[in-house]
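Here the structure is laid out as structure tokens; the discussion comes afterwards.
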Protein chains: 2
Amino acid sequence: MSHVIEVDYQFPAGVDAARQAQAIAIGQTAGSWDARFQHREAQLRGHLAELRDIRSLPSGRQLVTIAFPAENVDGRMGSLLTMIFGKYSLAGPAKVMAIRLPVDYGQACRFGLAGIRKKLHVAERPLIMAIFKPALGLSAEDHAEILAEVAMAGLDIIKDDEILPNLPSAATLARWEACVPIIEARRDRTGRDLLYAMNLSGDARQVQDLARQLVARGANALLLNVLTYGFPILEALAADPEVNVPIFAHPALAGAWCAAPDHGFAYPALLGTVMSYAGADAVLYPAHYGSLPFPETDEQGIVQALRARDVAPVPSAGVHPGMLSAILKDYGKDVILNAGTGIMDHPMGPASGVLAFHEGLERWQDGASWQLSDLPAGPLRAAVEKWGNA
Amino acid sequence: MSHVIEVDYQFPAGVDAARQAQAIAIGQTAGSWDARFQHREAQLRGHLAELRDIRSLPSGRQLVTIAFPAENVDGRMGSLLTMIFGKYSLAGPAKVMAIRLPVDYGQACRFGLAGIRKKLHVAERPLIMAIFKPALGLSAEDHAEILAEVAMAGLDIIKDDEILPNLPSAATLARWEACVPIIEARRDRTGRDLLYAMNLSGDARQVQDLARQLVARGANALLLNVLTYGFPILEALAADPEVNVPIFAHPALAGAWCAAPDHGFAYPALLGTVMSYAGADAVLYPAHYGSLPFPETDEQGIVQALRARDVAPVPSAGVHPGMLSAILKDYGKDVILNAGTGIMDHPMGPASGVLAFHEGLERWQDGASWQLSDLPAGPLRAAVEKWGNA
């Protein structure tokens, strides 16, 4: 094999891992290895996968490494996932723990964190991102009204809630048109852009058409629920010269793929490796400090995989200003701080939610204390009084 | 709510199901329900989901039914999956057991079993389908050679193996061009078409372009790995007037979505309901008689959901002629019998694999015995001697 794709599979105790490795190496490549095919053996042999390693884990589980020829797939995620875990996912308990791809596999991000920073003219500090809330029930004008509240407070990025599709009551294009004047006014006054990652929806053709229409009208970022829409849509958008804006990847449905102990994928393999080789510029995932139960080691694994490909990590879900010192200690400056209710439900209003983040960033840069008693009256203190101080 | 989408969620013992139901009803709709939004309460309230039922299961688990307003989504699967299980899939163990959609939701199949029968001019008997094997390593010419062996034996449908993408060594268009003369010769001699469900691959745009190119060159069926490529691609293909051929949906990766006891989806919800509302004409899934461990009740649930939408059920994986009487007892005539090695590895060659199925169908129609000792020498007996008699 010239180029290989290595995959680590984990099997629960009691499974004959060596036998399963063989089933994968043949079943997911040649598919069948019968005496009848011996006259084609030379052709077939080059496609077989190989067992590279079997080791026992402290939990009693076993970890198997299989190497697949990269020539078996077309350099895209659809064929990759089908090869490494397609039919085999139906063969009994097994979990894909890691996927190691050739560096030139798939789709590199076009912007990543550096490109997003460049668009925003913010080089040195973490970026601050908000989410339109409530998710459903807002008109296009409501979106503009909310955006106006946060834009002048120094927000860098805002995104749709992932559950808001292209609805007649708040059509995606109408939301963009309503928000354009706010973004332009902000640019005129501050010289800085504000990215609005607009949620894509529809069937595959509609998603792509909507993305092109939005970008043609000046939209400057997109949001895609990659697991409910499919990696091939992300790949197509990231390769489309008419869609030349950063793409934010949302992890909706990731629990269905990853949360089970002995099935599916490890979070870092899916939200780190596969996302970053499919062209995402920024990837959202639950922060372990946040409102969703998420293992810290999975978060670390995701961040490592994303940063290896220059993709922006976006810890999310329940992020609020009081959490800032903990996040910054782990991440440093190269992170996008994404808060929904942590900005929109700030007791003094959304603008103060953004100001609280800026205030927190300044304290962090100055090495100032985060003790509630040391915080002066203002947005940060009000946030910490409401949500606490992680 | 005028139109509702009902979803049954199953929680393991020990989870506060009522509390989780509330988290879903608000978190997956409005997303947030803060005092700050009270001035928009009327707008928001119409989007909230409602708890319809909570009941305990004999296993100690609990089943919760939630009704979502259909107006929250855009009539497509991407937004549906995001709403019902997007962020919430990350909130702890929960499994989507059933999804009940308005009848006009999504994409109806254009052909289904009746349309496939019409194309094949086979009204009364089960259809016989083969899979090109080995999966990788065959050239376009090898495909034609194999097809020639089975075409005149009376095969109805053949499909690519799902792991074969558009590779330089056997490009999809080249495979089609190589096989066209065989299909035309068969039509000339018998008056009957043979469908070749060609595997689609690439990014989303490439998949759609490839489908259009194939159909423009006369291709008469397509195969899509729906879970590794995404439901929105299936929806787009099924809605595309330029892709007016039956689409066979493959369940690759379904185990990652469905096999865990307390995470993901129940197989019938995903491979039955979602597939049939996303436009699939025929859906493959493991037969419980076959080589993959698959619960009989899940198979029955899938079949029921598919037939309710006129979609062809295709029990697969390890199907061989000796299994025929068991399958026919369960399915009757309205089924597609899909065999890979069960045809290609027949001891007398692939043509005899097809003949064995026909011989078996005739015995079934005649009510003849399937005991090995009662079988005359020939393809069926040879198959039963090799693979047994389920």
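The sequence lines fix the lettering, A, B, ..., with proteins before strands; numbering per chain opens at 1. Worth knowing before you read on, the calculation uses all heavy atoms, side chains too, and leaves out hydrogens, waters and symmetry mates.
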Chain A: which of [options] shares the most heavy-atom pairs with it under 4.5 Å?
| options | answer |
| --- | --- |
| B:Gln28, B:His250, B:Met77 | B:Gln28 |
| B:Pro168, B:Ala278, B:Ala259, B:Ser291 | B:Ala259 |
| B:Ser79, B:Ser169, B:Ala317, B:Gly86 | B:Gly86 |
| B:Val207, B:Asp142, B:Val73, B:Asp262 | B:Asp142 |
| B:Leu81, B:Asn166, B:Asn72 | B:Asn72 |
| B:Ala238, B:Pro93, B:Pro251, B:Ala260 | B:Ala260 |

Interatomic distance, [X] atom [atom1] to [Y] atom [atom2] [nearest 0.5 angstrom]:
| X | Y | atom1 | atom2 | value |
| --- | --- | --- | --- | --- |
| B:Ile163 | A:Met83 | CD1 | CE | 8.0 Å |
| B:Leu90 | A:Leu271 | CG | CG | 8.0 Å |
| A:Arg205 | B:Ile233 | CZ | CD1 | 10.5 Å |
| B:Leu44 | A:Lys133 | CG | NZ | 12.0 Å |
| B:Lys87 | A:Asn225 | NZ | CG | 12.0 Å |

Validation row: B:Leu253, A:Phe265 side chains within 4.5 angstrom (heavy atoms):
yes

Hey, does A:His263 have a side-chain heavy atom less than 4.5 Å from the side chain of B:Pro261?
yes

Could you have a look at [options] and say which one has the most heavy-atom pairs with chain B under 4.5 angstrom?
| options | value |
| --- | --- |
| A:Pro165, A:Ala94, A:Cys258 | A:Pro165 |
| A:Gly340, A:Pro286, A:Gly230, A:Gly137 | A:Gly137 |
| A:Ala204, A:Ser201, A:Ser139, A:Gly75 | A:Ala204 |
| A:Gln208, A:Lys95, A:Glu235 | A:Gln208 |

Quick one: closest heavy-atom pair of [X] and [Y], and the distance?
| X | Y | answer |
| --- | --- | --- |
| A:Ser89 | B:Ala254 | OG-N, 3.6 Å |
| A:Ala135 | B:Thr29 | CB-O, 3.4 Å |
| B:Thr82 | A:Glu162 | CG2-O, 3.5 Å |
| A:Pro293 | B:Gly92 | CG-N, 4.2 Å |
| B:Pro232 | A:Asp203 | O-CB, 3.6 Å |
| B:Ala256 | A:Phe85 | CB-CE2, 3.8 Å |

Per-residue contact mode, [X] against chain B (heavy atom under 4.5 angstrom):
| X | result |
| --- | --- |
| A:Leu167 | side chain |
| A:Asp240 | side chain |
| A:Leu80 | neither |

Chain A contact via B:Leu234 - side chain, backbone, both or neither, heavy atoms under 4.5 Å:
neither

Side chain, backbone, both or neither: which part of B:Gln107 has a non-hydrogen atom closer than 4.5 Å to chain A?
neither

Mind checking what makes side chain to side chain donor-acceptor pair (under 3.5 Å) contact with A:Tyr88, not counting sequence neighbours?
A:Gln20

